[in-house]
Amino acid sequence: MQELVESVRRLVSECRNDNDIDRQVSILIRANAMLPESMQLKIPSLITADYIRKALSDIEEQIEAIPTT
C-alpha cells in the first residue's frame, strides 16, 4: 500500500509542476485511477485549472487516509 501512496504522490507533484493543461488532465486521470474505487473522484467532462488544483488537494487528502502499515 505504501508503494501506491508514493506513486500517487509522485503523480500529484508531477501534475502540479506541469504547465500544460492537457498533460495535467492526463496525469490527474491516471492518479485518480490508481486510487481504490471507493476513493476515486468523479471527474467532470469539462475540467478547468481550478478544478485540477482542487482535485489534486482532494486526492492528497484521500491518500493520507490510506493506512500504509
Side-chain angles (χ1 to χ4, degrees):
M1 197 55 75
Q2 180 67 28
E3 199 173 299
L4 168 72
V5 170
E6 290 304 317
S7 295
V8 173
R9 279 190 183 131
R10 277 193 298 276
L11 285 173
V12 167
S13 178
E14 181 182 338
C15 189
R16 282 203 167 111
N17 293 321
D18 201 317
N19 292 326
D20 183 281
I21 191 86
D22 291 328
R23 282 195 304 259
Q24 284 181 321
V25 170
S26 176
I27 296 167
L28 172 62
I29 290 170
R30 273 189 302 170
N32 191 52
M34 293 176 75
L35 295 173
E37 193 170 328
S38 64
M39 294 181 160
Q40 289 181 3
L41 303 175
K42 302 262 192 260
I43 297 180
S45 57
L46 178 62
I47 300 175
T48 64
D50 286 338
Y51 176 80
I52 290 172
R53 282 191 293 276
K54 173 152 181 8
L56 292 174
S57 293
D58 291 346
I59 288 174
E60 284 179 323
E61 285 179 24
Q62 292 288 3
I63 61 173
E64 292 303 319
I66 297 174
T68 57
T69 55

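What you see is a predicted model; the values in this text were computed from it and never measured.
From Leu41, atom CG reaches atom CD1 of Ile29 across 11.0 Å, with rounding to the nearest 0.5 Å. Taken to the nearest 0.5 Å, the CD atom of Glu6 stands 5.0 Å off from the CZ atom of Arg9. Between Leu28 atom CG and Ile59 atom CD1 the span is 5.0 Å, to the nearest 0.5 Å. Separation of atoms CD (Glu3) and CE (Met34) is listed at 8.5 Å; rounding is to 0.5 Å. Separating the NZ atom in Lys42 from the CG atom in Asn32 is a distance of 9.5 Å, to the nearest 0.5 Å.
In this model, no donor atom of one side chain and acceptor atom of the other lie less than 3.5 Å apart for Arg23 and Ser26.
More than 12 heavy atoms of other shown residues, nucleotides or ligands fall within 6.0 angstrom of atom CG in Asp20.
Between the side chain of Asn17 and the main chain of Ser13, a donor-acceptor pair closer than 3.5 Å is present. Not a single donor-acceptor pair under 3.5 Å links the side chain of Gln62 to the backbone N or O of Gln40.
Classification of Lys54 and Asp58 as a salt-bridged pair holds, one side-chain N sitting under 4.0 Å from a carboxylate O.
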- [ ] Just do the side-chain hydrogen bond (donor to acceptor under 3.5 Å, both in side chains) check on Ser7 and Arg10 with the steps written out, would you?
- [x] CA-CA 5 Å; Ser7 295; Arg10 277 193 298 276; 3.2 Å; yes

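Exactly one of Arg53, Gln24, Arg30 qualifies for a side chain to side chain contact (heavy atoms under 4.5 Å, CB included) with Cys15. That residue is Gln24.
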